[in-house]
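Remarks on the structure that follows.
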Amino acid sequence: AAGVIQSPRHLIKEKRETATLKCYPIPRHDTVYWYQQGPGQDPQFLISFYEKMQSDKGSIPDRFSAQQFSDYHSELNMSSLELGDSALYFCASSLGSGGVGGYTFGSGTRLTVV
Amino acid sequence: KQEVTQIPAALSVPEGENLVLNCSFTDSAIYNLQWFRQDPGKGLTSLLLIQSSQREQTSGRLNASLDKSSGRSTLYIAASQPGDSATYLCAVFQGGSEKLVFGKGTKLTVNP
């Protein structure tokens with residue numbers, strides 16, 4: 001079965017650079033969520049989109065932005081990167097807003113800021 | 001504010017043992033609870049999803065129960081194997097927000 005696809009798997013950037021992370025949800029899933037997991041931490045919710053509209057916002061820095069496109073894939077744009085942005089970034093998708101059917105997570109993008 | 005606690009934080013058992021991981025949450029008004037497995041540096045694999053109207057879910061050697069009124073869930077792993085070694089995360093979906101609230105996980109080590 002198709003899963004949530006994230007790219008790239010690994011990314012190394014320097015401070016103050018920009019990074020773009022991509023997420024392709026499970027086919028027919030219309031809701032996408034982004035989470036950040038720092039070393040030894042539990043995942044923290046950043047932002048979500050339902051039917052291409054932002055549906056909720058968590059602890060996402062102003063330096064980050066995201067959108068969901070017409071094909072339901074999503075991109076997380078991160079600017080002015082800081083060392084503290086080094087983390088695993090997960091995308092998840094679900095059918096319908098509200099996570100009622102449960103979340104399916106991708107394998108994540110490991111971002112390292114040097 | 002919903003808080004999710006997992007006990008114990010770490011657990012080491014010999015192969016073949018049956019074990020129970022605990023998860024508690026402070027606000028019982030949840031829509032569902034999901035158990036995930038995470039291998040080091042890897043993604044989150046969904047193990048079991050329990051809707052608020054359900055009492056338990058089973059998948060193979062795994063059984064998860066939910067007592068919404070008392071704010072508790074348990075994940076039972078039967079006949080543990082070294083391949084079960086991972087961190088197990090419990091997460092609740094509450095509604096009114098799109099986010100899952102995670103516990104900090106239980107790191108399980110199954111020794112051969």
Side-chain angles (χ1 to χ4, degrees), chain A residues 1 3-7 9-10 23 26 30-51 53-60 66 68 74 86-112, chain B residues 1-7 9-10 21 23-26 29-54 57 59 62 64 66 68 73 75 86-107:
Chain A
V4 177
I5 307 297
Q6 290 188 246
S7 67
R9 294 295 303 274
H10 303 274
C23 169
I26 289 174
D30 50 15
T31 309
V32 169
Y33 314 82
W34 286 96
Y35 283 78
Q36 177 191 58
Q37 186 179 31
Q41 302 296 313
D42 52 296
Q44 296 295 314
F45 174 71
L46 293 178
I47 197 166
S48 64
F49 293 88
Y50 169 63
E51 284 290 345
M53 298 289 289
Q54 180 181 309
S55 55
D56 198 4
K57 192 173 179 179
S59 50
I60 184 169
Q68 185 179 31
S74 178
S86 295
L88 267 171
Y89 289 84
F90 291 111
C91 171
S93 73
S94 69
L95 178 60
S97 179
V100 175
Y103 285 54
T104 302
F105 279 81
S107 298
T109 293
R110 178 173 292 282
L111 172 66
T112 303
Chain B
K1 178 187 171 186
Q2 177 75 271
E3 292 183 1
V4 179
T5 303
Q6 291 187 245
I7 295 173
L21 308 182
C23 171
S24 61
F25 44 95
T26 54
I30 65 170
Y31 281 163
N32 59 48
L33 182 146
Q34 206 164 350
W35 283 93
F36 294 91
R37 168 188 171 136
Q38 185 173 32
D39 293 285
K42 302 295 185 182
L44 298 165
T45 300
S46 179
L47 299 173
L48 290 164
L49 169 69
I50 310 178
Q51 301 293 347
S52 61
S53 58
Q54 298 174 321
Q57 283 286 331
S59 176
L62 305 179
L66 174 64
K68 200 175 91 160
S73 176
L75 179 66
T87 295
Y88 291 81
L89 292 156
C90 162
V92 299
F93 180 76
Q94 191 151 4
S97 165
E98 292 290 344
K99 68 177 182 181
L100 281 176
V101 179
F102 284 85
K104 297 199 178 298
T106 293
K107 184 176 181 181

* **Aromatic plane relationship, B:Tyr31 with B:Phe93 - under 30° parallel, 30 to 60° tilted, over 60° perpendicular** => tilted
* Which of A:Gly106, A:Pro43, A:Gly108 touches chain B most, by non-hydrogen pairs under 4.5 Å -> A:Pro43
* Asked: With a 4.5 angstrom heavy-atom cut-off, which part of A:Gln44 approaches chain B: side chain, backbone, both or neither?
  -> neither
* **Pair B:Phe36 + A:Phe105: ring centers closer than 6.0 Å** => yes
* **side chain to side chain donor-acceptor pair (under 3.5 Å), paired with A:Tyr33, selected from A:Ser48, A:Ser93, A:Ser94** => A:Ser94
* Asked: Measuring heavy-atom distances to chain A, does B:Leu33 have an atom under 4.5 Å in its side chain, in its backbone, in both, or in neither?
  -> neither
* Asked: Where the side chain of B:Gln6 meets the backbone of B:Cys90, is there a donor-acceptor pair that is under 3.5 Å apart?
  -> yes
* Identify which part of A:Ser55 has an atom lying under 4.5 Å from any heavy atom of chain B, answering side chain, backbone, both or neither. => both
* Non-hydrogen atoms of chain A under 4.5 Å away: do they reach the side chain of B:Gln38, the backbone, both or neither? -> side chain
* Asked: So A:Tyr35 and B:Phe102, would you call those rings parallel, tilted or perpendicular, with 30° and 60° as cut-offs?
  -> perpendicular
